**Student:** 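Okay, here's the structure, questions in a sec.
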Amino acid sequence: MADKIQEPETLTMNTKLLDRDPDQTVEESEQILPIFEKLSNRVTNLRKEQIELCNEFKSITADSFHGSEVFDALQSLGEEHETLKKKYQEECQMLKNRCQLECSERRRLYNQVIELKGNIRVFCRCRPMNHDEISKGSSLVVDFDSAQENELKMIGPDSSRKHFKFDHIFRPEDNQEVVFAQTSPLVVSVLDGFNVCIFAYGQTGTGKTFTMEGTAENWGVNYRTLNELFKVSNERSDIMKYQLFVSMLEVYNEKIKDLLVEDTDHPTKKLEIKQSAEGTQEVPGLSQVRVHKTDEVWELLKSGSRVRSVGSTNANELSSRSHCLLRVTVLGENLVNGQRTRSHLWLVDLAGSERVGKTEVEGERLKESQFINKSLSALGDVISALASKNAHIPYRNSKLTHILQRSLGGDCKTLMFVQISPSSADLGETICSLNFASRVRGVEHGPARKQTDVNELFKYKQLADKAKHDEKETKKLQDSLQSVQVRLIAREHVCKTLQEKVRDLENQLAEERKTRQKQENRALAVASSHSLLSSMKHSLSTISEKRPPSKMRLPLRRISSFMPSPATTQIPRPFTASRFSNEDIENRSRPASNFKPLSRALQGSFTSQIKPKRRASIATFHSEPSSSSSTMTTPITRSSAAPRMRSDRVVGRRQSFVWRTQQSPLCPSSAFRSMTVEATPVAAPRSSRFMGSPHSHIVGSWKPKHPTVVALQQKQLVWSPLKYRGTKGVRKPFV
Ligand SMILES: Nc1ncnc2c1ncn2[C@@H]1O[C@H](COP(=O)(O)OP(=O)(O)OP(=O)(O)O)[C@@H](O)[C@H]1O
């Protein structure tokens, strides 16, 4: 409060200001005087007032106030002040946060745009001045302070400024950690299945190797990247399973060398770039080492760097004379959905661009420099072609651009570090590098694409092909199964029909045997009662003299030859000509066991008395083409009607026969005639064997007189036809 009271001295000063100017005229003085007097009176009054107030202020103590009102007011004011202060600070913090958020959001959106456009990102890193440059008195030509964010100005010799804008600018004081902080989001995307490529470009000695490899104390991007990949893969171990492999190669004088093979005695085999079926560039034969932890990686990178071709130049004591490429292959498997990815991360430390004249190289170094410059100029051509969206991009002009084909113009995320020197001595090269980097920044190669494991794809493709093939095979099998089923049904049907026929035939045969047995028994009974043995002897001798040729007579057993054998009838199977013939022959030659009792009976009754030389029974037949079924009769029933034999000679024609046992034409004796009741149905398939049988001798007018014989004569034997297929007595195989 005391500060706010104006001091009397200040007022005095003010009155002095009103003092008269010596240069003023009398008239002017007379005009001013009344005002001055007025003011001085006022001042005097104010002085009195001030003195009074001062005295009053001095006399004020705590007791001068009533109660605690003022203190309370002061306290509340203080609290209010504190609250306002807090609020102010909070507001400030909020504002700061909002700014940061906006900033990061802006950056995120910017990155998104870059990603969508597929631009190659460019970071610029300026190294600090080295001792040599400082000692030579070189000046700084890079201005960061006056430039805007992510911009730098190059100061020309005439103090002109040239602006360059990049995605991020690292100042000389920025350490490796800061650099990697900006780089890590990109490298981690290799774990998400994206191909990533980071390469360092710049004049020799500007810190490319320092940025990428670093030193034992200051690890570079390579080592930090692998460290980060291990870290993130561990964090994701619940849902993802990763395998990391490392390869290292260098392109030296346009030759590819495997840096992980450290056998100096045996030169490594020549490596070439080949295009895979998927369109990626591969180096067959390049060694690949699986890495599990950070320590392994460091050892591996160190051993690779040891093998790398380096040499000393004017610009750099340990100058890289080759392009060094580190490839990290990541195999990822999603444990939830089983999706597999296979992505590559290329970390490239290019050889330094240099002016041959400036570095004063000669001999081997000169040759190296020429190769380096040639490949870098090829890189420049590729970038120019990409930037101007040319149809043809000359990737194959150098090994470097060929191997980085997908990274420069493909579907991968690419980042370039442009390394610059701050020294005025390198201004020309620095401007060149920055111009090149600006062109690179303008290259759009489309959005990055997630890489699915091609092996997995191949496997799926193979499975799909196999499934397709299996489906075809199944269809074929189904078709053939269907046709087999149809054939089977047809065969079953045929088989069933045959079985039925066989059953019929067997029944008929059994029936006939029974009937014949009865007939024979009766005939024998009649014969045994006959007393004229001498005439019988005579008859027998006559029969033996005049019997037909043996081949014309068919024994009783032959009937079985025309019956399907049980074996053949039970299981239907295709007939063959040879089989049929053999079986036929066999059957015909086999004695008819079923007739044994009959012959024994004959022997028993006759041989003891009359001993006939053979049975006097002849079966004849004739074909009846018009009839579909054949009827077999006993010789007695039809002997009088047709005592002759006819045969159908038509080959291959279905035949049916009417069987007639005939009375023996050679039997003159009525007693013997009555014995000739043995019916032996035989069939000849086609050409009758009985052709030319002596039917002229057959006595057609003979009639039996014996009542039993007459009774038997009236009983007919019914025989179902034996049907044959094919010709010449050979059955056609069933289909
Ligand atoms: N940002 C930096 N901070 C400190 N030192 C640096 C930095 N960048 C480079 N250097 C130093 O500069 C020197 C040259 O660096 P480096 O060998 O990495 O250059 P280069 O571009 O790889 O050269 P060359 O193309 O000839 O191989 C090294 O001694 C390195 O330690």
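This structure is a prediction, so every number in the text was calculated from the model and none was measured. Every number for a ligand or one of its atoms is a count from 1 in the order of the listing.
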**Student:** Check whether more than 12 heavy atoms from other residues, nucleotides or ligands sit under 6.0 Å from atom NE2 of H469, and answer yes or no.
**Tutor:**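 Counting other residues, nucleotides and ligands, NE2 of H469 stays at 12 neighbours or fewer.
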**Student:** Decide whether the shortest distance between a heavy atom of G205 and an atom of ligand 1 is less than 4.0 Å.
**Tutor:**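 Checking ligand 1 against G205, which is what was asked, there is a heavy-atom contact under 4.0 Å.
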**Student:** When you compare ligand 1 with R127, is there at least one nitrogen or oxygen pair between them that comes in under 3.5 angstrom?
**Tutor:**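 No, there is no polar N/O contact under 3.5 Å.
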**Student:** Tell me, with the steps shown, if Q419 and T211 meet side-chain hydrogen bond (donor to acceptor under 3.5 Å, both in side chains).
**Tutor:** CA-CA 9 Å; Q419 299 284 146; T211 298; 2.8 Å; yes
**Student:** Measuring centre to centre across the rings, with the benzene-like ring taken for any Trp, is F417 within less than 6.0 Å of Y201?
**Tutor:**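 When the ring centroids of F417 and Y201 are compared, they turn out to be at least 6.0 Å apart.
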**Student:** Kindly determine whether F170 and F123 satisfy ring pair (Phe, Tyr, Trp, His ring centres under 6.0 Å), including the steps that lead there.
**Tutor:** CA-CA 8 Å; F170 299 104; F123 290 173; 5.7 Å; yes
**Student:** Is the closest N or O pair between A351 and ligand 1 shorter than 3.5 Å?
**Tutor:**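 No, no N or O pair falls under 3.5 Å.
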**Student:** Quick one, D174 with R125, criterion salt bridge (charged side-chain N to carboxylate O under 4.0 Å, His left out). Give me CA distance, side-chain angles, the key distance, then yes/no.
**Tutor:** CA-CA 9 Å; D174 288 337; R125 188 178 191 188; over 6 Å; no
**Student:** For R236 and D192, what are the C-alpha separation, side-chain angles and deciding distance, and is it a salt bridge (charged side-chain N to carboxylate O under 4.0 Å, His left out)?
**Tutor:** CA-CA 11 Å; R236 296 182 184 177; D192 301 326; 2.8 Å; yes
**Student:** What about K208: any of its N or O atoms under 3.5 Å from an N or O on ligand 1?
**Tutor:**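 Yes - when backbone and side-chain N and O of K208 are compared with those of ligand 1, one distance drops under 3.5 Å.
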**Student:** Yes or no: does Q176 have any heavy atom under 4.0 Å from an atom of ligand 1?
**Tutor:**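 For ligand 1, residue contact (heavy atoms, under 4.0 Å) with Q176 is absent.
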**Student:** Any idea which atoms of ligand 1 are less than 4.0 Å away from a heavy-atom of G352?
**Tutor:**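 Here the atoms of ligand 1 in question are 25 (O).
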**Student:** Say whether G207, considering both its backbone and side-chain N or O atoms, lies within less than 3.5 Å of an N or O atom on ligand 1.
**Tutor:**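 Checking ligand 1 against G207, an N or O pair does fall under 3.5 Å apart.
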**Student:** Heavy atoms only, cut-off 4.0 Å: how does P128 contact ligand 1, side chain, backbone, both, or neither?
**Tutor:**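 Only the side chain of P128 comes within reach of ligand 1.
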**Student:** Is there a side-chain contact between D132 and M129 in this structure, where contact means two heavy atoms from C-beta onward sitting under 4.5 Å apart?
**Tutor:**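 D132 does not reach M129 side chain to side chain.
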**Student:** Relative to ligand 1, is R125 under 4.0 angstrom through side chain, backbone, both or neither, heavy atoms considered?
**Tutor:**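 Side chain only.
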**Student:** Under 4.0 Å from a heavy atom of T204: which atoms of ligand 1 are those, numbered in the order shown and with their elements?
**Tutor:**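 Matching atoms, with element in brackets: 23 (O), 24 (P), 25 (O), 26 (O).
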